[in-house]
Undergrad: 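Here it is, the structure, as structure tokens.
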There are 2 protein chains.
Amino acid sequence: MTKPPTPTPTRSAPTMNDVARAANVSKMTVSRALRGDRIAPETKARILAEIDRLHYVPHAAAGALASRRSGFVAVIVPSIDNANFAETVRGLEAELRAAGLDLLLGTTEYRIGREDELVQTMMRHRPEGIVLTGGVHTSRVADRLARSGIPVVETWDLPATPIGHVVGFSNRAAGAMMTEHLAAIGRRRIAFLGGASPRDPRGEARKHGYLEALVRLGLGPPRTLRYGLPPLSMHHGAAGLARTIARWPDIDGLVCASDPIAFGAISECQRRRIAVPQTIAIGGFGDFEIARCSHPGITTIAVEAAQIGQRAGAILRTVIEALRRGEACPATIDETSMSLEVRGSTVGEREGKDFFFGKKKQKTF
Amino acid sequence: MTKPPTPTPTRSAPTMNDVARAANVSKMTVSRALRGDRIAPETKARILAEIDRLHYVPHAAAGALASRRSGFVAVIVPSIDNANFAETVRGLEAELRAAGLDLLLGTTEYRIGREDELVQTMMRHRPEGIVLTGGVHTSRVADRLARSGIPVVETWDLPATPIGHVVGFSNRAAGAMMTEHLAAIGRRRIAFLGGASPRDPRGEARKHGYLEALVRLGLGPPRTLRYGLPPLSMHHGAAGLARTIARWPDIDGLVCASDPIAFGAISECQRRRIAVPQTIAIGGFGDFEIARCSHPGITTIAVEAAQIGQRAGAILRTVIEALRRGEACPATIDETSMSLEVRGSTVGEREGKDFFFGKKKQKTF
DNA sequence: GAGGGTTGTGTTAGCGGTAACATGCTCCGG
DNA sequence: CCGGAGCATGTTACCGCTAACACAACCCTC
């Protein structure tokens, strides 16, 4: 007996050929039905019915191979566990899914070198675009990307020498803006917490903004210390405040590299019965939910995290489409806005929600 | 004149064939060099040198097509912007990257039906495994997965009728545990905040645990209200507390479906000069950083978020490898542990860090 | 030194789609 | 009633890689 033509009928997934046979058309027609090419409505209906009946699912890798379009966009963020980046990824995903593009997500965990590995790994999937966080990359990454010719969008910063497109804002300006706010409300001995590691170039940039503002405002020597490795978070804020105070007991203002850090610092103040903002006014960055919901609210710099993602996605859509048609696109620089949100951690006493820790005013309720 | 054999030398990415030619071997030998098959050391060295020189990057889609192994694992979580899930994804990623598997991440944003869409979309990439959050899925999803034969791991819960493997814990037990803790410290009028939407089955399960515990403890009628749509967060906690108090002004305990909710509730208490924990003891869930860093600390149920991911990854590694060898694997149920972390929001007065809001004890420091 | 295993490499035939061109058909104006 | 345009569909030739088998050279062992 000869073996049957189908050795093991292990009912593996149906292919486009199966659908074609069932609908009595050629493979190509099925392909056209799926991708919206011109096709007779009734043929299309018949094909779609068969697809449904057979539970056919197109094989993305095969399509990618044949069409030379992976349908992927690679995104690299320092951490997923950060409301800001999560928002950006969400905005990006929404924009890209609408264009039929899938996200390939990678996190560096703030480790230098990890980005390089990730880029290399992801290149194997031939992404049609890459979204990076920040403007600081190893030269190997820049090389690889340049060689590949893949459109690149850098986000969350305004790099001096961009690789490709940019959607972001000046972290330096953010650090300066908060420092100036504290000065404007009369603070003179302002410290900075965070941004002490090259692993987090954006945090460092905010610190530079603070340093520059100090000079500009004539506020004397900087008060910063090296403490902690990214991701800096609440407990770093608490411990960092303790160290800062130990070193400069007289500070009356504190700029933090992020809201979680600021929250930690404020909590530590509460524990130590230090009045915020009376004794120390504290500002953060990012407008995290905690900045709005904690008590007192945290004065912060709000940035459009979701929009950064959405716009990066929009740029990529345009560029990828142009590239598919063989056209080139000029590099875009899209500066997103940021705004100072003044809350209780720098300006106390706001009607109905004032809060003086450790003191008074047992307002009845 | 005849056209040259290479029409447009647009230096497109080199292929394995280019490497093979350059190293004077066959394509197959290059493939072997890359995947660790037996090969003469010097041949391998020569090939790797050429790969480096030519900047060759393997084409994942082509490999996947030929080998019938995508190298992908699909992960679906409700939201990426949640420290718990982010931790799980991180644990999973670490485990899988080590096995050469790439993550395909999708978020449902707590929308029913989104999971179904995502599964369908992701199936096009023929993932070798799927990690789901929770044990509640539409029948279409279950169908699709069953038909595909892809190994499935459900996480963050203990489904009554699992699809495949399980790594999780009982959210019901978690809700009960916190309720029992509040009862144990003398609370009798305990409310629950959260878990009011079928969009978040795990939150609902915690609420059920609360309800069961109430009955078991003889603590009278439940105090819960429908409020908010997932993801419930800090501001829902604040507003939810307000509503709960309006309805049941005499509560002395509050179980929240998550730490952020609890934090919002506590903040609202502070705003209203309600002493926590004296007047109302408040518990959360998840052991988020804010539970450790806020003031007072939040009593919570700690779960091993990262471990859930890590173990799900380990299971998949095993199962996928077995499957590649043609073996089958029995379904695993891996119950992860959880523990009650008692902090200031339910039990005040802990040496050195006590905090009675609005009252006394200006301990000098 | 013949038989049988190992080792290193090459050959062949796809994997499941799509680009590009080919084909038959209908419809139209002149 | 013919030429040519436009439409719906089919044919062919890959995309870049790997499974499976083929094969030659070498190593044993008896």
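In the text below, chain A, chain B and the rest are named by the order of the sequence lines, each starting its count at 1. Quantities reported herein were computed from a predicted structural model and do not represent experimental measurements.
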Undergrad: Take atom CG of Leu34(B) and atom P of dC17(D), then tell me their distance rounded to the nearest Å.
TA: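 That distance rounds to 9 Å.
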Undergrad: Compute the bend angle of the helix from dG1(C)-dC30(D) to dG30(C)-dC1(D) from the end axes (five pairs per end), rounded to 10°.
TA: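 The angle, to the nearest 10 degrees, is 30°.
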Undergrad: Has Arg35(B) got a side-chain N or O lying under 4.0 Å from the OP1 or OP2 atom of dA19(D)?
TA: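 Yes.
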Undergrad: List, one per line, each side-chain donor-acceptor pair under 3.5 Å for residues 95-103 of chain B, sequence neighbours excluded.
TA:
unit_1    : atom_1 : unit_2    : atom_2 : d
Glu95(B)  : OE1    : Gln310(B) : NE2    : 3.4
Glu95(B)  : OE2    : Arg317(B) : NH1    : 3.4
Arg97(B)  : NE     : Glu93(B)  : OE2    : 3.1
Arg97(B)  : NH1    : Asp102(B) : OD1    : 3.0
Arg97(B)  : NH2    : Glu93(B)  : OE2    : 2.9
Asp102(B) : OD2    : His125(A) : NE2    : 2.7

Undergrad: According to side chain to side chain donor-acceptor pair (under 3.5 Å), does anything in residues 63-73 of chain B pair up with another residue at least two apart or in another chain? List the pairs.
TA: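 Listed by first then second residue: nothing to list.
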Undergrad: Taking ring pair (Phe, Tyr, Trp, His ring centres under 6.0 Å) as the cut-off, I'd like each qualifying pair that reaches into residues 99-119 of chain A, sequence neighbours left out, listed once.
TA: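 Sorted result for residues 99-119 of chain A: empty, none.
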Undergrad: What pairs with Arg38(A) under side chain to side chain contact (heavy atoms under 4.5 Å, CB included), at least two apart in sequence or on another chain?
TA: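 Applying side chain to side chain contact (heavy atoms under 4.5 Å, CB included) to Arg38(A) gives none.
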Undergrad: With sequence neighbours excluded, give me every ring pair (Phe, Tyr, Trp, His ring centres under 6.0 Å) pair touching residues 13-51 of chain B.
TA: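 Pairs touching residues 13-51 of chain B that pass the test: none.
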Undergrad: Pull out every protein N or O sitting under 3.5 Å from an N or O of nucleotides 12-16 of chain D, one pair per line with the distance.
TA:
unit_1  : atom_1 : unit_2   : atom_2 : d
dC15(D) : O2     : Ala66(A) : N      : 3.3
dG16(D) : N2     : Ala62(B) : O      : 3.3

Undergrad: Please tell me if Ser31(B) has a side-chain N or O lying less than 4.0 Å from either OP1 or OP2 of dC17(D).
TA: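 So the side chain of Ser31(B) is outside the cut-off, no N or O lying under 4.0 Å from OP1 or OP2 of dC17(D).
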Undergrad: State which residue, out of Thr318(A), Thr155(A), Thr332(A), fulfils the side chain to side chain donor-acceptor pair (under 3.5 Å) condition with His165(A).
TA: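 Exactly one option meets the side chain to side chain donor-acceptor pair (under 3.5 Å) with His165(A), and it is Thr332(A).
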Undergrad: Does the pair Arg324(A)/Glu321(A) count as a salt bridge with the N-to-O cut at 4.0 Å?
TA: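 Here Arg324(A) does not pair with Glu321(A) in a salt bridge, since their nearest N and O are not under 4.0 Å apart.
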Undergrad: How would you list all residue pairs meeting side chain to side chain donor-acceptor pair (under 3.5 Å) that involve residues 134-145 of chain A, not counting sequence neighbours?
TA: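 Of all non-adjacent pairs touching residues 134-145 of chain A, those that pass side chain to side chain donor-acceptor pair (under 3.5 Å) are Glu115(A)-His137(A), Asp116(A)-Arg140(A), Asp116(A)-Arg144(A), Gln120(A)-Arg144(A), His137(A)-Glu154(A).
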Undergrad: Tabulated below should be each protein N or O lying under 3.5 Å from an N or O of nucleotides 6-9 of chain C; please produce it.
TA:
unit_1 : atom_1 : unit_2   : atom_2 : d
dG8(C) : OP2    : Arg38(B) : NE     : 2.8
dT9(C) : OP1    : Thr43(B) : OG1    : 2.5
dT9(C) : OP2    : Ala40(B) : N      : 3.0

Undergrad: Arg124(B) has an atom CZ; how far is it from atom C1' of dG16(C), in whole Å?
TA: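 Value for this atom pair: 13 Å.
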Undergrad: Can you tell me how far P of dG17(C) sits from CG of Asn17(A), to the nearest Å?
TA: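 Roughly 8 Å, once rounded to whole Å.
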Undergrad: Between dG10(D) atom P and Asn24(A) atom CG, what is the distance in whole Å?
TA: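 Nearest whole value for this atom pair: 8 Å.
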Undergrad: Which ring pair (Phe, Tyr, Trp, His ring centres under 6.0 Å) pairs, counting each pair once, include a residue from residues 20-64 of chain A, with sequence neighbours left out?
TA: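 Output for this query is empty, none listed.
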Undergrad: Return each pair, listed once, that meets side chain to side chain donor-acceptor pair (under 3.5 Å) where at least one residue sits in residues 40-49 of chain B; pairs must be two or more places apart or across chains.
TA: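 Pairs touching residues 40-49 of chain B that pass the test: none.
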Undergrad: Tell me which pairs pass ring pair (Phe, Tyr, Trp, His ring centres under 6.0 Å) where either residue lies in residues 19-42 of chain B, with sequence neighbours left out.
TA: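 Every pair satisfying ring pair (Phe, Tyr, Trp, His ring centres under 6.0 Å) with a residue in residues 19-42 of chain B: there are none.
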